[in-house]
Structure formats: C-alpha cells, structure tokens
Amino acid sequence: MYKTLLATLENSILTATINRPDKLNALNREVMNDLDTLLNDIDSNKDIKAVIITGAGQKGFVAGADISEFVGLSREEGQALAQKGQDIFSRIENNRKPIVAAVNGFALGGGCELAMSCHFRVASENARFGQPEVNLGLIPGYGGTQRLVQLIGKGRAMELLMTGNMIDAQTALQYGLVNHVVPQDELLVKTKSILDVIVAKAPLAISKCIAAANAAFTEKGYQIESEGFGECFATEDMKEGTAAFLEKRKPAFTGK
Ligand code: COA
C-alpha cells in the first residue's frame with residue numbers, strides 16, 4: 001500500500017515508520033506522496049484513533065528533504081515543492097486525530113519541520129534537531145520558519161535558522177521543542193503510553209483541543225475555543241463524562 005512507510009496498528013494507535021534508513025529517511029517525492037496517502041487513510045479508517053510518526057533505524061528520524069531532488073529546479077518548481085510540503089504538513093498539524101512525532105535520531109530540515117507539524121514530540125537521547133538549509137544557500141520551505149518561532153520563540157529560532165546549527169535532545173527539551181527525552185529503546189513505549197491516555201478520552205473533545213490550540217496562532221482562537229466547547233455539549237460523550245464524574249465512576253466514551 002505504501003512504498004516508503006511501514007504501518008502497524010495496535011490498540012487504536014497507528015505507528016507510521018518512514019523507511020529509507022540508508023538515506024536517513026530523507027523526504028523524497030515518494031515519501032511525501034505516502035504521507036499524503038497516510039493522511040487519507042487516517043481520515044477514513046475509524047479504527048485509527050491516534051498516530052505516531054517515526055523513522056526507521058537508530059540514527060535518523062528524517063535528515064531533511066531529499067537534497068538530490070533539488071538539483072536543477074527552477075524558482076517556480078522550488079516554490080511548488082515548498083507549497084506541496086506545506087500542504088501536507090498542514091494536514092498533519094490540523095488533523096482531528098492526535099499525531100505525535102517519536103524522534104529517534106536526526107530531525108533536520110524537513111525532518112525537523114515534519115516533527116514540528118505533529119501535535120507534540122517525544123525524543124530519544126540521541127536525537128538532534130536543526131534547520132541546516134542555510135548551509136545549502138536555502139531556507140526552510142515546509143513551514144519551519146513559522147513553527148520554529150511558535151514553538152521555541154523568535155530569538156532562539158532566529159539563531160537556529162541563521163546558523164544552521166544542530167541542538168541535542170536535552171537542549172530541545174529545555175527549549176520546549178520536545179516534551180520528553182528517553183533512551184532510544186523506550187521511545188515508542190513512552191510515546192504509546194501517552195497516546196493510550198489520550199485515546200481513552202472522548203474523540204470529539206480531543207479534536208476540539210487540537211483545533212483550539214492551533215487557533216492560538218490566529219485571531220480567532222478564543223472564538224474557536226468557545227464554539228468547540230459548545231459542540232462538545234451536543235455529544236453523548238460529554239453527557240457520559242459529566243454523569244460519570246457525578247456518579248463517581250469511570251466514563252465509557254463511545255465517540256458519539
Ligand atoms: N537528502 C538526501 N540524502 C541524504 C540526506 C538528505 N537530506 N541526508 C542524508 N542523506 C544520505 C547521505 O547522502 C548518505 O547517502 P549515501 O550513503 O548514499 O552517500 C546517507 O544518507 C547517510 O548520510 P551520511 O551523510 O553519510 O551520514 P553522516 O552520519 O555522515 O551525517 C548528517 C549525517 C545528518 C549530518 C548528514 O547526512 C547531513 O548533513 N544530511 C543533510 C542534512 C540537511 O542539510 N538537511 C536539510 C535538507 S533541506
């Protein structure tokens with residue numbers, strides 16, 4: 001079904017592993033097309049309640065867009081490439097189901113941008129983050145200039161963007177770029193344990209959290225929050241959740 005992704009579904013959590021380890025999982029056209037297909041499948045498959053994106057091997061999450069595909073591109077083709085990348089990563093960011101990056105190694109360029117488009121990030125101790133595009137005479141094109149500023153603040157983002165320097169996992173933790181740093185062999189277990197908590201909640205409430213938190217970066221954030229709050233009142237899950245609290249029992253959410 002996918003050419004460059006391995007997908008396994010377990011306990012409603014889909015783990016999608018980008019599988020080009022010999023190229024440190026660099027994002028070529030095939031990977032980007034597979035990510036697009038993956039997003040269609042996440043939308044249509046009711047059995048998927050949350051997603052982990054990670055990279056194959058122990059060294060790379062994703063070491064960037066595939067630089068070999070940049071050769072000979074015109075200005076228009078370069079812009080179109082960026083637009084396609086931005087569209088796919090925006091679908092990740094705005095997905096109604098939680099999508100988390102389990103960063104198992106280098107997350108550079110498009111790899112850092114992919115991780116940043118996910119709803120949050122868990123990293124292994126050997127993870128490295130950076131936007132090294134300036135070393136190629138380029139800038140990030142898949143949303144990196146925007147999301148890096150949002151996640152770590154303008155001053156730190158400016159320094160990383162302009163130096164092209166990498167930061168290690170502990171620095172990423174200190175910057176708030178990742179939520180947790182764990183030994184590599186615990187990365188998926190830790191990420192799944194967080195998602196196990198999330199998938200037990202009412203799915204509509206989760207999707208409204210995502211939409212409202214994303215809207216913090218628009219002028220309509222408060223409006224989207226109040227509308228989402230209202231929409232939750234129209235669900236069985238909200239009635240069940242509040243009733244369960246008042247009856248001192250665990251809620252049984254059904255997604256209705
Ligand atoms: N695009 C295409 N191929 C890439 C790649 C990328 N972004 N990143 C790594 N690769 C390939 C290498 O060319 C190499 O392929 P080869 O074995 O056929 O020669 C393979 O992946 C392994 O990478 P290598 O450079 O040998 O590993 P390393 O441990 O010496 O260095 C990095 C690791 C991540 C520091 C280095 O690969 C690198 O700087 N990559 C590019 C990062 C980048 O600029 N990303 C932004 C792109 S916009």
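Throughout, numbering of the chain's residues begins at 1 and tracks the sequence. Whatever order the structure lists them in is the order used to number ligands and atoms, beginning at 1. The figures that follow rest on heavy atoms only: side chains count, while hydrogens, waters and symmetry mates do not.
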>> Under a 4.0 Å threshold between the charged nitrogen and the carboxylate oxygen, would Lys84 count as salt-bridged to Asp36?
In response: no
> Any chance NZ of Lys239 has more than 12 other-residue heavy atoms, nucleotides or ligands included, within less than 6.0 Å?
Replying inline: yes
>> If the cut-off is 4.0 Å to any non-hydrogen atom of Pro132, which atoms of ligand 1 fall inside it?
In response: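 Close to Pro132: 43 (C), 44 (O), 45 (N), 46 (C).
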> Which ligand 1 atoms does Lys59 reach within 4.0 Å, using its non-hydrogen atoms?
Replying inline: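 Every atom of ligand 1 under 4.0 Å from some heavy atom of Lys59: 27 (O), 28 (P), 29 (O).
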>> So for ligand 1, is Leu136 a polar contact partner (N or O within less than 3.5 Å, distance only)?
In response: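 Not met; the criterion fails.
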> Is there a donor-acceptor contact under 3.5 Å from the side chain of Thr17 to the main chain of Asn19?
Replying inline: no
> Counting N and O atoms only, with roles assigned by atom type, does the side chain of Asn214 sit under 3.5 Å from a partner on the main chain of Glu93, one being a donor and the other an acceptor?
Replying inline: yes
Specify the protein heavy atom at minimum distance from [atom]: its residue, its atom name, and the distance to 0.1 Å.
| atom | result |
| --- | --- |
| atom 17 (O) of ligand 1 | Asp22 O, 4.3 Å |
| atom 40 (N) of ligand 1 | Ala63 O, 4.3 Å |
| atom 23 (O) of ligand 1 | Leu24 CD1, 3.7 Å |
| atom 5 (C) of ligand 1 | Ala26 CB, 4.1 Å |
| atom 12 (C) of ligand 1 | Lys23 CD, 4.8 Å |
| atom 2 (C) of ligand 1 | Asp66 OD1, 3.4 Å |
| atom 34 (C) of ligand 1 | Leu108 CD1, 3.5 Å |
| atom 7 (N) of ligand 1 | Ala65 O, 2.9 Å |

> Without hydrogens or angle criteria, can the side chains of Glu227 and Gln223 be said to hold a donor-acceptor pair below 3.5 Å?
Replying inline: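 Their side chains do contain a donor-acceptor pair, which is all the 3.5 Å distance test asks for.
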Is [atom] near the protein, in the sense that some protein heavy atom lies at less than 4.0 Å from it?
| atom | value |
| --- | --- |
| atom 26 (O) of ligand 1 | no |
| atom 31 (O) of ligand 1 | no |
| atom 44 (O) of ligand 1 | yes |

> What part of Leu138, side chain from CB on, backbone N/CA/C/O, both or neither, has a heavy atom under 4.0 Å from ligand 1?
Replying inline: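 For Leu138, no heavy atom sits under 4.0 Å from ligand 1.
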> What about Phe217 and Val149, same hydrophobic cluster or not, with Ile/Leu/Val/Met/Phe/Trp/Tyr joined at side-chain heavy-atom distances under 4.5 Å?
Replying inline: no
> Can you name the one residue among Met116, Met166, Met162 that meets side-chain contact (heavy atoms from CB on, under 4.5 Å) with Gln131?
Replying inline: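 Of the listed options, the one satisfying the test is Met116.
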> Does Glu236 have any salt bridge (Lys or Arg N to Asp or Glu O under 4.0 Å) partners at least two apart in sequence or in another chain, and if so, which?
Replying inline: none
>> The criterion is salt bridge (Lys or Arg N to Asp or Glu O under 4.0 Å); which residues satisfy it with Asp87, sequence neighbours excluded?
In response: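 For Asp87, no residue satisfies salt bridge (Lys or Arg N to Asp or Glu O under 4.0 Å) once neighbours in sequence are set aside.
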> Applying a strict 4.0 Å limit to heavy atoms, is Gly110 in contact with ligand 1?
Replying inline: no
